Amino acid sequence: KKAIEFVTARELFEGDGEGHFMPDQTMDRAMFVTVLWRLMRQPDTDASIVFDDVPEGEWYSEAIAWAYENGIIEGYGDEFGLNDPVTREQIAVILWRLKGKPEPKETIATGCSDWAVDAMSWAVKIGIIEGDEGGYRPTNDVKRVECAAILMRYINLK
């Protein structure tokens, strides 16, 4: 509840238009990048869309163009994967890039993909990504409520 109140008070997340947060809905990549764009106060961009699956003029288009232009996101070749669920390791990598790719003080065994080792180690070490009895679950999809908690921890560390 605290994380949901935190992100909605900052107008980072939007619900279903009827006042429902939908905490158990899976967070997709378009939603996550849009939330980060809002966190950064919706900066303007002159970048054009580079992904085949991102049309101009949609609610997420400018956020994705901004994030790509600033090296915060990458796609899968020519596609971004708009509706693909965002995973814990993808969130760690995106937040790590947003923070300027800080060097992790140590490598932590998180069970993540090779491309996410530095980011996951950094995110776990500073407390953005937390583990549980199932470990760090780096490839698990993230629900909106989990994403809210991760972002609350990230914002509070700044």
Side-chain angles (χ1 to χ4, degrees), residues 3-4 6-15 21 25-108 110 112-130 136-158:
I4 292 170
F6 183 89
V7 297
T8 56
R10 287 159 179 77
E11 299 179 348
L12 300 178
F13 282 59
E14 292 182 1
F21 183 80
Q25 180 183 3
T26 300
M27 191 80 172
D28 67 38
R29 289 168 53 88
M31 281 190 257
F32 184 68
V33 171
T34 301
V35 166
L36 289 185
W37 179 65
R38 290 178 187 142
L39 173 65
M40 302 307 291
R41 297 188 174 92
Q42 302 178 3
D44 290 329
T45 182
D46 292 327
S48 56
I49 302 295
V50 299
F51 300 112
D52 293 343
D53 62 340
V54 179
E56 294 282 344
E58 295 295 329
W59 57 268
Y60 48 75
S61 302
E62 190 172 1
I64 292 171
W66 163 80
Y68 181 79
E69 175 185 44
N70 288 283
I72 298 165
I73 57 143
E74 295 177 359
Y76 314 121
D78 293 337
E79 295 198 349
F80 177 67
L82 289 172
N83 300 313
D84 292 352
V86 68
T87 64
R88 293 166 64 86
E89 67 185 6
Q90 288 174 352
I91 287 176
V93 168
I94 292 168
L95 292 176
W96 176 69
R97 288 177 182 152
L98 185 64
K99 195 68 167 171
K101 298 181 181 179
E103 286 292 322
K105 299 200 183 314
E106 64 182 288
T107 299
I108 298 171
T110 62
C112 69
S113 303
D114 290 344
W115 50 266
V117 169
D118 285 348
M120 278 293 290
S121 294
W122 167 80
V124 167
K125 185 68 177 171
I126 65 170
I128 294 171
I129 302 283
E130 295 179 348
Y136 294 105
R137 303 173 286 120
T139 59
N140 282 28
D141 299 347
V142 176
K143 298 196 181 307
R144 287 170 55 95
V145 68
E146 294 170 305
C147 187
I150 290 168
L151 284 171
M152 182 178 72
R153 291 189 292 265
Y154 176 80
I155 292 166
N156 283 335
L157 290 172
K158 286 186 165 186

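Heavy atoms only: backbone and side chains are in, while hydrogens, waters and symmetry mates are out. Every value quoted in this text rests on a predicted model; they were computed, and no experiment measured them.
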Drop me the distance from Ser121's OG to Ile126's CD1, to the nearest 0.5 angstrom.
11.5 Å

With a 4.0 Å cut-off on N to O distance, would you call Arg97 and Glu74 a salt bridge?
yes

Pair Phe80 + Tyr68: ring centers closer than 6.0 Å:
no

Side chain Arg38, main chain Leu12, donor-acceptor under 3.5 Å
yes

Pair Ile129-Tyr154, side-chain contact (heavy atoms from CB on, under 4.5 Å): steps then yes or no
CA-CA 9 Å; Ile129 302 283; Tyr154 176 80; over 6 Å; no

Please step through side-chain contact (heavy atoms from CB on, under 4.5 Å) for the pair Met40 and Trp66, ending with a clear verdict.
CA-CA 10 Å; Met40 302 307 291; Trp66 163 80; 3.6 Å; yes

If we count only N and O atoms by modelled type, under 3.5 Å, do the side chains of Ser61 and Glu56 hold a donor and an acceptor together?
no

Does a side-chain heavy-atom distance below 4.5 Å link Leu82 with Val54?
yes

When you measure from the centre of the six-membered ring of Phe21, is the NZ or CZ of Arg144 closer than 6.0 Å and no more than 45° off the axis?
yes

Measure from the side-chain N and O atoms of Glu89 to the backbone N and O of Ser113, and report whether any donor-acceptor pair falls under 3.5 Å.
yes

Is there a donor-acceptor pair closer than 3.5 Å between any side-chain N or O of Asp53 and the backbone N or O of Gly81?
yes

By side chain to side chain donor-acceptor pair (under 3.5 Å), which residues pair with Glu106, not counting sequence neighbours?
Lys125

To the nearest 0.5 Å, tell me how far Asp28 CG sits from Cys147 SG.
10.5 Å

pair Val142-Phe32: side-chain heavy atoms closer than 4.5 Å:
no

Given side-chain contact (heavy atoms from CB on, under 4.5 Å), test Leu39 with Leu36 step by step and report yes or no.
CA-CA 5 Å; Leu39 173 65; Leu36 289 185; 4.3 Å; yes

Check this for me: does any side-chain nitrogen of one of Arg137 and Glu146 sit under 4.0 Å from a carboxylate oxygen of the other?
yes

Between Thr87 (side chain) and Gln90 (backbone), is there a donor-acceptor pair under 3.5 Å?
yes

Has the side chain of Trp122 got a donor or acceptor atom that lies under 3.5 Å from a matching backbone atom of Lys101?
no

Do Arg153's NZ or CZ and the ring of Phe6 fall within the cation-pi criteria of under 6.0 Å and 45°?
no

Ignoring hydrogens and angles, tell me if any N or O in the side chain of Glu79 forms a donor-acceptor pair with the backbone of Tyr76 under 3.5 Å.
no

